[in-house]
Protein chains: 4
Amino acid sequence: MKHIKRRERESNEIRRKIIEAARSLFLNQGYAEVSMRKIADQIEYSPTTIYHYFANKEAVVRELLLEGNALFLQALQQSQEEAEAAGLNALDKLKTVSDAYVRFGMANPEYYSILFISNLESVSLVSLIDSGRFKGFELLEAGLLAAMEEGGIIQGNESLIASSVWSMLHGLTSLLLNFELPMTSSKDELISFTIDTFFRGLQS
Amino acid sequence: MKHIKRRERESNEIRRKIIEAARSLFLNQGYAEVSMRKIADQIEYSPTTIYHYFANKEAVVRELLLEGNALFLQALQQSQEEAEAAGLNALDKLKTVSDAYVRFGMANPEYYSILFISNLESVSLVSLIDSGRFKGFELLEAGLLAAMEEGGIIQGNESLIASSVWSMLHGLTSLLLNFELPMTSSKDELISFTIDTFFRGLQS
Amino acid sequence: MKHIKRRERESNEIRRKIIEAARSLFLNQGYAEVSMRKIADQIEYSPTTIYHYFANKEAVVRELLLEGNALFLQALQQSQEEAEAAGLNALDKLKTVSDAYVRFGMANPEYYSILFISNLESVSLVSLIDSGRFKGFELLEAGLLAAMEEGGIIQGNESLIASSVWSMLHGLTSLLLNFELPMTSSKDELISFTIDTFFRGLQS
Amino acid sequence: MKHIKRRERESNEIRRKIIEAARSLFLNQGYAEVSMRKIADQIEYSPTTIYHYFANKEAVVRELLLEGNALFLQALQQSQEEAEAAGLNALDKLKTVSDAYVRFGMANPEYYSILFISNLESVSLVSLIDSGRFKGFELLEAGLLAAMEEGGIIQGNESLIASSVWSMLHGLTSLLLNFELPMTSSKDELISFTIDTFFRGLQS
DNA sequence: TATGAATGAGGGTTCATTCAT
DNA sequence: TATGAATGAACCCTCATTCAT
């Protein structure tokens, strides 16, 4: 019994190592730079070994994506709970979650870009879109509905508004990740200014 | 004399074919999908032929990028002139240009992604891109300044605000390009709603 | 245990085959003639296979070079030991080693030309080559010093004299390898005549 | 009539340019570096133009070789005439010519290596060997015969001795060209020492 | 479980050369 | 005379993947 557990643990460790390596490679140079051999080199196993844990390269990337997705949701939910605990009103909760969105992207560029920037059709997004990415979207929608009820923002098609908010947050995040903005202010200022401005526009 | 012109034209025709092929390949999967061999296959010439027109792959992509940049700027400027001709106020001019930004991205996904999404450091064109990217940025800043003077939007650090506007527009565009939004409304609605909301937030 | 050894042996066998093939290709036209594809063809493996054993073409040639270097030194040392065992005087030992130098070149034209004729800066091995090339040189110098002490040859700057001897031996070898001399005598006669003449010139 | 001459002159000028370019490319990196396109680039004509003057790459290199051969012979003959004019004895004449041999190689590394180092079977040496390279050899033989008659050197098979002398000179030259000898003395010293030593060995 | 062996496909690029103009 | 257009062959090398052990 015991040694089976050990095996499982070891097995999971290698899976982890593979994902970690893929993640770091992805971070450095994007999807193109992730190759089975490079992963193998990095974890100091043979390329063949990876195929014991993942069916193919796509499966590795998909796992990476799923993981990023989970962490992303977790970050959003945590920030929401904290906002809740702090007794914020619905609008401020939304702003807090929005801020958390951008912070997550900045702190985890590799996950953010694999989730939202790279166009990984090879990873068969279909399943993913259903399975999780839009949990974040639902969270957003729910927050918007609450804010509408509280009167913090205008009434309206919450799905449309959620898409709009998402646009704003995604633009903010990916610009911060990929471009050196010709700016006199700090990144923090840009984030809060943009979020504040957008939600002010949503107020009645 | 005449036949020289013909030659030039033909020469340019092949250059064009190459760029077009590269552009269409780029559309599918980004830079990785663009290969000299694939371009050659598509235009039905040998790979070697491409090297008569471009020094290497980088030069092909650079041309593509420069072209996209020029078209992008042109689209923005044209919309500005039209807004001007229509006698719009500064704020509405800004909205018109913003709308043109998103429309350009939707109409030219390959150009938009080569300009703003793909991370082409390999093309080492940062400076070149910037020169043009920031022409768009300056256009934005100038519009903002004008709107401030007219009183249409709040006073403030125009470089910060321009970055903020850009974030919003970029987010809108790339979401529209890369994701099927779970939306009940149309893309047009999303665009105008987002732009309106954001600029309403900028009003005093 | 056993099968590991077998594996190692097999692995070495293919390494050997690669080196042998490279060696034989080198024989024809030098470095330019050595190509990964040609090696692969010759050993009847795919080109990719070679990359399991060597990082790149340079590594193949480097190994070839190191091997040639080792064999060359070995040949010189062995002839020296034999001369020693035969109780020859210092001058005759020198002549014996000199003869061995030329014989090695004739018997191993690929090695000789990779070592001393081809200008393999591309292999960036100058230091490596030198380390061994100058072991041969030191052996020569030591022999000269001994002969000076014994009175067999004139006193003098032994490094200059060693260079001079080396010139003579290298000229002899490379002429024998690369040209059909318009000669009435045999190669053997040329070798012994040249060596004898040169060392006679060195006698006081 | 006149313009035909001009044409010929111009034609020859381009031939010359081609050869010059080939020569300089050859000098830099050896035969492998000489390519039709690089020659064309260097002379600022199209690659096709070269084919109006030379049947193919081989013909270019052959011309280069013939030219080098002519210059080489010329250098040897001139030194011989000078030695004659200076009233030197046969042995000293031989030494003078020997010195000129090495000097030519050092002053014209590209010609020397194309003549004696590179193994250009592609240039069909056969014809060349007969046609000129061995004029130098005959010159050497004649000098040796004269020196034998004068009593400056031992009697013997002059063809064997000439080969031997050639070996020594070739070794000296190619070592000086291709290797940084680990030497405390100067190149000049090495040259004169080696030549002197060898001819001393030839003296009775 | 882990790997060494092996490969076919494809990557960018350079070459000598031909042909029509 | 000179060239622009074009190519097939070859170059080194990396990729994801399979298979037997």
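All chains are named by letter (A, B, ...) in the order of the sequence lines, taking the proteins before the strands, and each is independently numbered beginning at 1.
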> Please give, in whole Å, the distance from F/dG4 C1' to B/Ile50 CD1?
Replying inline: 17 Å
> Bend angle of the helix from E/dA2-F/dT21 to E/dT21-F/dA2 from five-pair axes at both ends, rounded to 10°?
Replying inline: 20°
>> For a 4.5 angstrom cut-off between non-hydrogen side-chain atoms, does D/Leu71 reach D/Asn108?
In response: no
> Among residues 18-25 of chain B, which residues get a heavy atom nearer than 4.0 Å to DNA chain F?
Replying inline: none
> Just one of D/Lys57, D/Lys17, D/Met36 clears the side chain to side chain contact (heavy atoms under 4.5 Å, CB included) bar with D/Ile50, so which one?
Replying inline: D/Met36
> What residues form a salt bridge (charged side-chain N to carboxylate O under 4.0 Å, His left out) with B/Arg23, not counting sequence neighbours?
Replying inline: B/Glu20, B/Glu110
> Quick one, which residues of residues 33-44 of chain A touch DNA chain F with a heavy atom under 4.0 Å?
Replying inline: A/Val34, A/Ser35, A/Met36, A/Arg37, A/Lys38
>> Tell me every residue that passes side chain to side chain donor-acceptor pair (under 3.5 Å) with C/Ser46, counting only those two or more places apart in sequence or in another chain.
In response: C/Thr49
>> Using side-chain heavy atoms (C-beta onward) and a distance below 4.5 Å, is B/Phe54 in contact with B/Ile39?
In response: no
>> Can you say whether a donor on the side chain of C/His52 sits under 3.5 Å from an acceptor on the base of E/dA5, or the other way round?
In response: no
> Would you say the side chain of C/Leu64 lies within less than 4.5 Å of the side chain of C/Val60, judging by non-hydrogen atoms?
Replying inline: no
> With sequence neighbours excluded, what pairs up with D/Glu67 under the side chain to side chain donor-acceptor pair (under 3.5 Å) test?
Replying inline: D/Arg16, D/Tyr111
> Which atoms form the tightest heavy-atom contact between D/Pro109 and D/Leu177, and what is the distance?
Replying inline: CB-CD2, 3.9 Å
>> With nearest nucleotide decided by heavy atoms, which residue, A/Pro47 or D/Asn56, maps closer to the 5′ end of DNA chain E?
In response: A/Pro47
>> Listing request: all salt bridge (Lys or Arg N to Asp or Glu O under 4.0 Å) pairs with a residue in residues 28-38 of chain B, at least two apart in sequence or in separate chains.
In response: B/Glu33-B/Lys38
>> Using only atom types and a distance under 3.5 Å, with no angle test, would you say the side chain of B/Asn178 pairs donor to acceptor with the backbone of B/Ser174?
In response: yes
> Counting side-chain heavy atoms from CB outward, which of F/dA2, F/dT17, E/dT17 is closest to D/Tyr45?
Replying inline: F/dA2
> Does A/Thr49 place a side-chain N or O at less than 4.0 Å from the phosphate oxygens OP1/OP2 of E/dT3?
Replying inline: yes
> Is any NZ, NE, NH1 or NH2 atom of the basic residue among C/Arg15 and C/Glu63 found under 4.0 Å from an Asp or Glu carboxylate oxygen of the other?
Replying inline: yes
> In whole angstrom, what separates D/Ile14's CD1 from F/dT3's P?
Replying inline: 8 Å
>> Checking D/Ser35 now: which residues fulfil side chain to side chain donor-acceptor pair (under 3.5 Å) with it, not counting sequence neighbours?
In response: none
>> Rounded to whole Å, how long is the line connecting atom CD of B/Glu13 with atom P of F/dG4?
In response: 18 Å
> Can you find a side chain N or O atom of A/Ser46 that sits less than 4.0 Å from OP1 or OP2 on E/dA2?
Replying inline: no
> Roughly, in whole Å, what's the span from CZ in B/Arg15 to P in F/dA5?
Replying inline: 11 Å
> Start at the 5' end of DNA chain F and walk down; is the nucleotide closest to C/Ala32 or to C/Thr48 reached first?
Replying inline: C/Ala32
> Rounded to whole angstrom units, what separation is found between the CG atom of C/Asn12 and the P atom of E/dG4?
Replying inline: 14 Å
> Whole Å only: how far is the CZ atom of D/Phe54 from the P atom of E/dT17?
Replying inline: 13 Å
> Toward the 5' end of DNA chain E, which comes first, B/Tyr51 or D/Ala55, by nearest nucleotide?
Replying inline: B/Tyr51
> Considering only side-chain heavy atoms of B/Lys57, which listed nucleotide, F/dC15, F/dC12, E/dT13, is closest?
Replying inline: E/dT13
